[in-house]
Student: 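I'd like to ask some things about the structure below.
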Amino acid sequence: MYTLTVVGTGYVGLVSGACYADFGSNVICVDSDASKIERLKALELPFFEPGLPEMVQRNVNEGRLHFTTDLPTAVKESNIVFITVGTPPRKDGSADTSAIYAVAKTVAQNLDGYTLVVQKSTAPVGTARDLYSWMKKFAKRGAEFDVASNPEFLREGSAIETFMRPDRVIIGAETKKSQDLLKKLHDPLFLTETPMVLTTLETAELIKYASNCFLATKISFINEISNVCEALGADVQVVAKGLGMDRRIGSKFLHAGPGYGGSCFPKDTYALASFARAAGERVGIVEAAIAANERQMDRMVDKVVAAVGSPKGKKIAVLGLAFKPNTDDMRAAPSLTIVPGLIKKGYKVVAFDPIAMPKAEPMSELKGVEMAADAYDAARGASAIVLITEWNEFRTLDLAKLKRLMKKPVLCDLRNIYNPEDAEAAGWTYVGVGKGRAGKAIKPKRPAMAAAAKPAAGRKAAKREGKRA
Ligand code: NAD
């Protein structure tokens, strides 16, 4: 049995720590935030993640999962140290890796016997190799250690499932000892035939960025197609369905909406663009995805304004604040751009989110927003509903009841979860994303050849030709 230290008890650290403990390892979770550790010791989790409280409790009760702020002692007791601290974006878009280096320094100073340091935070290509040299400066002479990269791909909202049954495990490790240790640690996953890519440090790091940036680009692509749908009278949901049926493309991440958000895509797209530029290369396609995402969020505000009209004395009910369902993570959530945009236009905003309100309420971007008790409470006296996050409980709202409560029944469904015809039949004005109406397209330019021909003469001539033949 290994003893692992996991540094950082955020989404990645706490989920990884609990899952490795569930696989049978002894896990020490460390965080510099003492209040977080105190709450964790009392089994109070710092964020909402389905299934995690039960898993943490089970492993704490069985004595395999521990919480502390004492990193030096944890390092001395461990064979493997995972670094899972945050890498937030700096003002210039690059990733702030200062927490990784601070942790690595303490780890280096406290190495006791061979230790494998696994860099799991998402960090620019080159970080893991540089950490090794950095740690050498602080480690005792002769201290034995390796640095590996093992990027994480878990998805908030289904983090346990995606950690326990990942599409793949990426291991960047260059010594036999570190490779063997990481392979052994992931044995429970290999038994379920999870594919593994064993590669160099740099390649492992870039796989993580390439994956997130590709997915973000896919979302921006379908969002731009949705705008074309609106202009030319096509339905983006059907376009996406047809597109996704091509197995080379796939149907995932082709849902048009208000733009991507969350703790990863925005910061990772900026970071890739930034470190690629520093290396003298441009990833224009990712830069375009970033710009399209920003335009998409602004476009959502314009969409609401067009549907609701003058803001004078009007209230808007916003449903969903978290960046996606099943999480209370508010980092870079589209609501943090759309709601301030609506307030700036002069509307009063009342919001409801099933889980994220305690995190959302103190945020400066949402200052002045009144939080409601439920969707119906939010809708009372409102001139429109703006649905931003597709929580399951918003999928089957009682539209008749909502309509009675509202001043004007306008549904701005930014996740396309309602059928426009059904909503309109129930007396609503429906606004979706990319739901162009057939026959409303601007007429395409006809080929010059057709325009030049005189149709009447052409038809007569054709008749004559037909008689001759
Ligand atoms: P987070 O902000 O939720 O958690 C980071 C934790 O690290 C916090 O609890 C913080 O107190 C702690 N910390 C910061 N500095 C520390 C220090 N010096 N010593 C000890 N603890 C310290 O972050 P997260 O969402 O878990 O992300 C962590 C990393 O994993 C990031 O690089 C992120 O890009 C990457 N990642 C995140 C996800 C995700 O879904 N959230 C998925 C894959 C990868």
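In listed order, ligands and their atoms are each counted from 1. Keep in mind that what you see is a predicted model, and the values were worked out from it rather than measured.
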Student: Cut-off 3.5 Å, side chains only: do S211 and R168 have a donor facing an acceptor?
Tutor: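 Judged by distance alone, the side chains do pair up.
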Student: For ligand 1, which atoms have a heavy atom of S263 less than 4.0 angstrom away?
Tutor: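 Near S263, meaning under 4.0 Å from one of its heavy atoms, ligand 1 has 39 (C), 41 (N).
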Student: For N227 and Q296, test the side chains for any donor-to-acceptor distance below 3.5 angstrom and give the result as yes or no.
Tutor: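 Checked: N227/Q296 side chains pair up, N/O donor to acceptor below 3.5 Å.
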Student: Out of all atoms in ligand 1, which are within 4.0 Å of some heavy atom of E152? Include the element for each.
Tutor: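 Once the distances to E152 are compared, the set is 43 (C), 44 (C).
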Student: Please work out, at 4.0 Å between heavy atoms, whether the side chain, the backbone, both, or neither of K267 comes within that distance of ligand 1.
Tutor: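 It is the side chain that gets close, since no backbone atom is under 4.0 Å.
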Student: Check each heavy atom of C264 against ligand 1 and say whether those closer than 4.0 Å belong to the side chain, the backbone, both or neither.
Tutor: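 Contact part for C264 vs ligand 1: side chain (C-beta onward).
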Student: Assess the residue pair Y20 and F163 against the criterion (ring-ring contact (aromatic ring centres under 6.0 Å, His included)); give the C-alpha distance rounded to whole Å, side-chain angles, the decisive distance to 0.1 Å, and a yes or no.
Tutor: CA-CA 10 Å; Y20 284 127; F163 188 95; 5.3 Å; yes
Student: Name the closest protein heavy atom to atom 36 (N) of ligand 1, giving the residue it belongs to and the distance to 0.1 Å.
Tutor: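 Residue, atom and distance for the closest contact: V12 CG2, 3.4 Å.
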Student: With atoms numbered from 1 as shown, which atoms in ligand 1 lie under 4.0 angstrom from a non-hydrogen atom of E156?
Tutor: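 Contacts of ligand 1 toward E156, numbered from 1: 39 (C), 40 (O), 41 (N).
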Student: Is there a donor-acceptor pair closer than 3.5 Å between any side-chain N or O of S274 and the backbone N or O of G93?
Tutor: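 Pair absent, no side-chain N/O of S274 close to backbone of G93.
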Student: What is the nearest protein non-hydrogen atom to atom 18 (N) of ligand 1, stated with its residue, atom name and distance?
Tutor: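 Of the protein heavy atoms, V103 CG2, 3.6 Å lies nearest.
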Student: State whether the number of non-hydrogen atoms from other residues, nucleotides or ligands found under 6.0 Å of F214 atom CZ is greater than 12.
Tutor: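 Counting other residues, nucleotides and ligands, CZ of F214 stays at 12 neighbours or fewer.
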Student: With the threshold set at 4.0 Å, does a side-chain nitrogen-carboxylate oxygen contact exist between R90 and D92?
Tutor: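 Here R90 does not pair with D92 in a salt bridge, since their nearest N and O are not under 4.0 Å apart.
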Student: Taking the six-membered ring of Y430 (Phe, Tyr or Trp), confirm whether the NZ or CZ of K435 is under 6.0 Å from its centre and within 45° of its axis.
Tutor: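 Here K435 fails the 6.0 Å and 45° test against Y430.
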Student: Can a salt bridge be assigned to the pair E156 and K324 using a cut-off of 4.0 Å between side-chain N and carboxylate O?
Tutor: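 No salt bridge links E156 with K324.
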Student: In the protein, which heavy atom is nearest to atom 4 (O) of ligand 1, and how far is it?
Tutor: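 Among all protein heavy atoms, the one nearest atom 4 (O) of ligand 1 is G10 CA, 3.1 Å.
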Student: Are the charged groups of D167 and R155 less than 4.0 angstrom apart, N to O?
Tutor: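 R155 and D167: salt-bridged.
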Student: Going by the closest heavy atom to atom 13 (N) of ligand 1, which one wins out of V7, V85, T327, L40?
Tutor: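 Shortest heavy-atom distance from atom 13 (N) of ligand 1: V85.
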Student: Does a donor on one side chain sit under 3.5 Å from an acceptor on the other, for R395 and N392?
Tutor: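 Their side chains do contain a donor-acceptor pair, which is all the 3.5 Å distance test asks for.
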Student: So if I count the atoms of ligand 1 from 1 in the order they appear, which ones are less than 4.0 Å from some heavy atom of T84?
Tutor: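 Answer for ligand 1: 28 (C).
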Student: Taking both backbone and side-chain atoms of D33, is any N or O found less than 3.5 Å from an N or O belonging to ligand 1?
Tutor: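 There is no such contact.
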Student: State the atoms of ligand 1, each with its element, that fall below the 4.0 Å cut-off from a heavy-atom position in A99.
Tutor: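 Near A99, the atoms of ligand 1 are 15 (N).
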Student: Which residue supplies the protein heavy atom nearest to atom 35 (C) of ligand 1, what is that atom called, and how far is it?
Tutor: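 For atom 35 (C) of ligand 1, the nearest protein heavy atom comes out as T122 OG1, 3.4 Å.
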Student: Heavy-atom contacts with K36 under 4.0 Å: which atoms of ligand 1 show up? List them by number with element.
Tutor: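 Listed by number with element, the hits are 8 (C), 9 (O).
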Student: Do K36 side-chain atoms and G8 backbone N/O form a donor-acceptor pair below 3.5 Å?
Tutor: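 No; zero donor-acceptor contacts below 3.5 Å.
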Student: Counting heavy atoms only, which part of L154 comes closer than 4.0 Å to ligand 1: side chain, backbone, both or neither?
Tutor: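 The part of L154 near ligand 1 is both the backbone and the side chain.
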Student: Just which atoms of ligand 1 are under 4.0 Å from any heavy atom in G86?
Tutor: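 Result: 5 (C).
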Student: When you measure from atom 23 (O) of ligand 1 to every protein heavy atom, which one gives the shortest distance, and what is it?
Tutor: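 The closest one turns out to be R331 NH1, 3.6 Å.
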Student: Can you tell me the protein heavy atom closest to atom 16 (C) of ligand 1 and the distance?
Tutor: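 Ranking protein heavy atoms by distance from atom 16 (C) of ligand 1, first comes S32 OG, 3.4 Å.
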Student: For atom 12 (C) of ligand 1, which protein heavy atom lies nearest, and how many Å away is it?
Tutor: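 Here the closest protein heavy atom is D31 OD2, 3.3 Å.
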Student: Identify, for atom 32 (O) of ligand 1, the protein heavy atom at the shortest distance, and state residue, atom and that distance.
Tutor: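 Nearest protein contact, heavy atoms only, for atom 32 (O) of ligand 1 is T87 OG1, 2.6 Å.
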Student: So which bit of Q119 gets within less than 4.0 Å of ligand 1, heavy atoms only: side chain, backbone, both or neither?
Tutor: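 Neither; no heavy atom under 4.0 Å.
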Student: Output, in order, the C-alpha distance, side-chain angles, deciding distance and verdict of ring-ring contact (aromatic ring centres under 6.0 Å, His included) for H255 and Y260.
Tutor: CA-CA 10 Å; H255 301 287; Y260 59 78; over 10 Å; no
Student: Are the ring centres of F145 and Y132 closer than 6.0 Å?
Tutor: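 Ring-ring flag for F145/Y132: true, centres closer than 6.0 Å.
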